[in-house]
Amino acid sequence: MEFSNSQITKETDRLFKNLSKTNWSKSDCKIIAPITLEINKLKKEKDTIILTHSYMTPDLMYGIADFIGDSYGLSKLASETKAKTILFCSVYFMAETAKILNPKKTVIVPAIAGCSLAESITPEDVQNMRKKYPTAGIVCYVNTSAAVKAECDVCCTSSNALKIIEAMPQKKIIFLPDALMAKNLQPLTKKQLISWHGTCIVHEEFSPKTVDEIRIEYPNVKILAHTECNPAVIAKVDMAGGTEGMIKYIENTNTKKFMLVTECGLTDRIKVEYPNKQIVGSCALCPYMKKIMLKDVLQVLKSPRKDQIIDLPADVMKKAKKSLDRMVKIVEKSK
Ligand code: SF4
């Protein structure tokens, strides 16, 4: 696709307005301008909505996305649009959730990207846990495959996990697959949590020492961490929660300086969307999320390969939807 010099200049300026806040130069923006122009033109022609997770790179979030957010929030949002196709820039299990919640729409992914948490457990593992602990309820975090969700009683997100655990009738709860999140939740509930051994390779890397060092260097800083981090880290921070919870906290707190103990995509979002707030310390990159690039988005939009179209067996969709619906019912009832 050919674009005129004035179209490229206009697009470069549009990109630079946001991307400059994450250290992109004008010439970097000029290089990607023809690609973002083509993607934005094609997505309209192909009646496609582009969702990008907050852990994507800034060129995806601010160059081509219609919506940016967390996995479950984006999937729900997708149900409200009329677009025929959902292009989900995220790891694979998130696109599966979008398909479960939007069965009539075509859901496509730019790359087949895994996740250390989702890949730590199979449906057979869940069945074996059920056999081993027949009286326990099974709660699974949304960071699981559709097939695993289908074997659980109810799903949860990082923000409603405790609410879901408390609402279950059983005293014993199998909490899957994040071992560290289960450890963070155990002191908050009287129920007995039985955990799996999955971890997020991004969040498990942070150490309490880093938090201590940042507090010494920036005495007025507020430190926020994802609940996928180690309990020793969580014990030292001002707030622990999921992506959207962290954004709300920053929005509603007068403090200017924050450290985000999480993936770098969220740090980029804060730099762009809350320019009056300062981010200190370092973040971590998710190798799975960062697999997705603009060129992949263009390719899948032009002509998706079979493996880029989410296709789930009907029984898995039905059972996984039940787990997600139960979560929504519990959350709605508690309002
Ligand atoms: S950040 Fe962690 S949980 Fe999220 S996709 Fe990457 S590995 Fe999975």
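Order of appearance sets the numbers: ligands from 1, and atoms from 1 within every ligand. Position 1 is the first residue of the sequence; numbering continues from there.
Sulfur-sulfur distance for Cys155 and Cys140: not below 2.5 Å, with no disulfide indicated.
Inspection of the Gln308 and Gln299 side chains reveals an N or O donor paired with an N or O acceptor under 3.5 Å. With no hydrogens or angles considered, no side-chain donor-acceptor pair links Gln278 and Tyr218 at under 3.5 Å. Between the side chains of Ser27 and Ser25, a donor-acceptor pair is found at a separation under 3.5 Å. In the model, His197 has no side-chain atom that pairs as donor or acceptor with a side-chain atom of Ser120 under 3.5 Å. Counted by atom type alone, Thr36 and Glu11 present one or more donor-acceptor pairs between their side chains at under 3.5 Å.
Ligand-side atoms of ligand 1 in range of Glu228: 3 (S), range being under 4.0 angstrom from any heavy atom. Residue Asn143 approaches ligand 1 through these ligand atoms, each under 4.0 Å from one of its heavy atoms: 3 (S).
The distance cut-off of 2.8 Å around atom 6 (Fe) of ligand 1 captures these protein N, O or S atoms, sorted by chain and number: Cys286 SG.
Residue pairs meeting the side-chain hydrogen bond (donor to acceptor under 3.5 Å, both in side chains) criterion with at least one member in residues 57-68, sequence neighbours excluded: Lys43-Asp66, Thr57-Asp59, Tyr62-Glu273.
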